[in-house]
Amino acid sequence: MQPTPFKLERYFAQHEFTARHLLCSSDPESMSIGELLAFEPGSIDALRETWLGYTEYPGAPALRRALATLYENVQADEIIVHTGAQEAIYSFMHSMLAPGDHMIVHMPGYQSHYSVAEAMGVKVSPWKAREEAGWALDPDELETLLTPATRALVICAPHNPTGYLPTREVFDAIVAFARKHNLWLFSDEVYRGLEYDIADRLPAACDVYERAISLGALSKTHGLAGLRLGWIATRSAAVLERMSTFKDYLTISNSAPSEYLSTIAVRHTEALIARNTNIARGNLSLLDEFFARHANRFEWHRPRAGTIGFVRLKQGHAEQFCAELLERTGVLLLPSSLVDHGDAHFRLGFGRRNMPEALAIVDAYLDATVTSTAS
Ligand SMILES: Cc1ncc(COP(=O)(O)O)c(C=O)c1O
């Protein structure tokens, strides 16, 4: 059975390279290969020398050694590199779940967290973020979602699309629940590192729970989506074994030039995080003013991490609002129907340097629509 089409990706396939201004992208500002290589003098020559044969199937050793430094209790051989986080999600679901299993998934969320498993015959229960509480999760609800067939819990923190970051207490309660019921905890941490206050950073799930799988990628925190580089980190030998075997039917091994460039990126994680959180923080202060000015139209919970937020329209429908905005201004927002969450919200992305220009266009558009409605 085919998974249902990935609505968000189909929308980006249609608009990402034609819309004049992207205001809903989740990935931060990217950079050229030249800018990345500038982090390490001499790396241009090494790139030229990079051998274009197959690389080692779990990922180049130097890359996995660099990735292991991002964790406290995980070693290089407990990491499997994938082609983007997306491949790792697909592989985890197929490797560790079976038809008839049940899984609890943080929602609204990233569609592959539930559609891949549903297509396999896995039953999915949504664990719903509570908008009234700033999109918070309530761990007390977890016991009510459990069934005898529950095998896995999927969370995403910092969260796409709401920007929610659990407190340490909530995170610990999630881990305790997973441990009590012996569940796989699939923890999508692709935005981890983009906390505006470093004191808010949560531990990686794989560091604190032996049946956790932490999902990482260079697409978000590092802003390097074009490298198509993701990974899982886990202390579970069963997961490592089954996901390695499954990868033989996917990409086998990664792209050698990408692994070389990725190794440089991972070695400069702190600098890339500083760059990307600075851009997000600056854009957020403009968004604070924007939402204060348009409080009659929108409701917004300011994220504590990441590059995206989820905004409620106080009147009207999100699909119509986004379609009209795109048609009249060329600014792309993402209506919530594309993340299976009604038609009253849209996703906003604020990780790009040109966000102020796009926001100013929306501002002028809103002022003009008020005037034209009033006249
Ligand atoms: C929460 C989340 N997980 C995974 C992915 C996929 O990442 P990648 O581009 O590395 O495949 C995305 C991309 O938008 C995402 O937002």
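Predicted, not measured: the structure shown is a model, and the values here were computed from it. Quick note: residue numbers are just sequence positions, from 1. Both ligands and their constituent atoms are indexed starting at 1 by order of listing.
Under the ring pair (Phe, Tyr, Trp, His ring centres under 6.0 Å) criterion, H94 pairs with Y90, F246, sequence neighbours left out.
Within 4.0 Å of ligand 1, contacts by protein heavy atoms are made from S26, G84, A85, Q86, I89, Y110, C156, N160, D188, V190, Y191, A217, S219, K220, R228.
Applying the salt bridge (charged side-chain N to carboxylate O under 4.0 Å, His left out) test to residues at least two apart or on different chains, the pairs with a partner in residues 91-116 are D101-R151. Residue pairs meeting the side-chain hydrogen bond (donor to acceptor under 3.5 Å, both in side chains) criterion with at least one partner in residues 48-65, sequence neighbours excluded, are D45-R48, T55-E259.
Look at E131 and R312 and you find a salt bridge, because one of the NZ, NE, NH1 or NH2 atoms lies within 4.0 Å of a carboxylate O, short of that distance.
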Worked check of side-chain contact (heavy atoms from CB on, under 4.5 Å) between R352 and I279
CA-CA 7 Å; R352 304 282 177 90; I279 297 173; 6.0 Å; no
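Note: H317 and F321 fail the aromatic proximity criterion, with ring centroids not under 6.0 Å apart.
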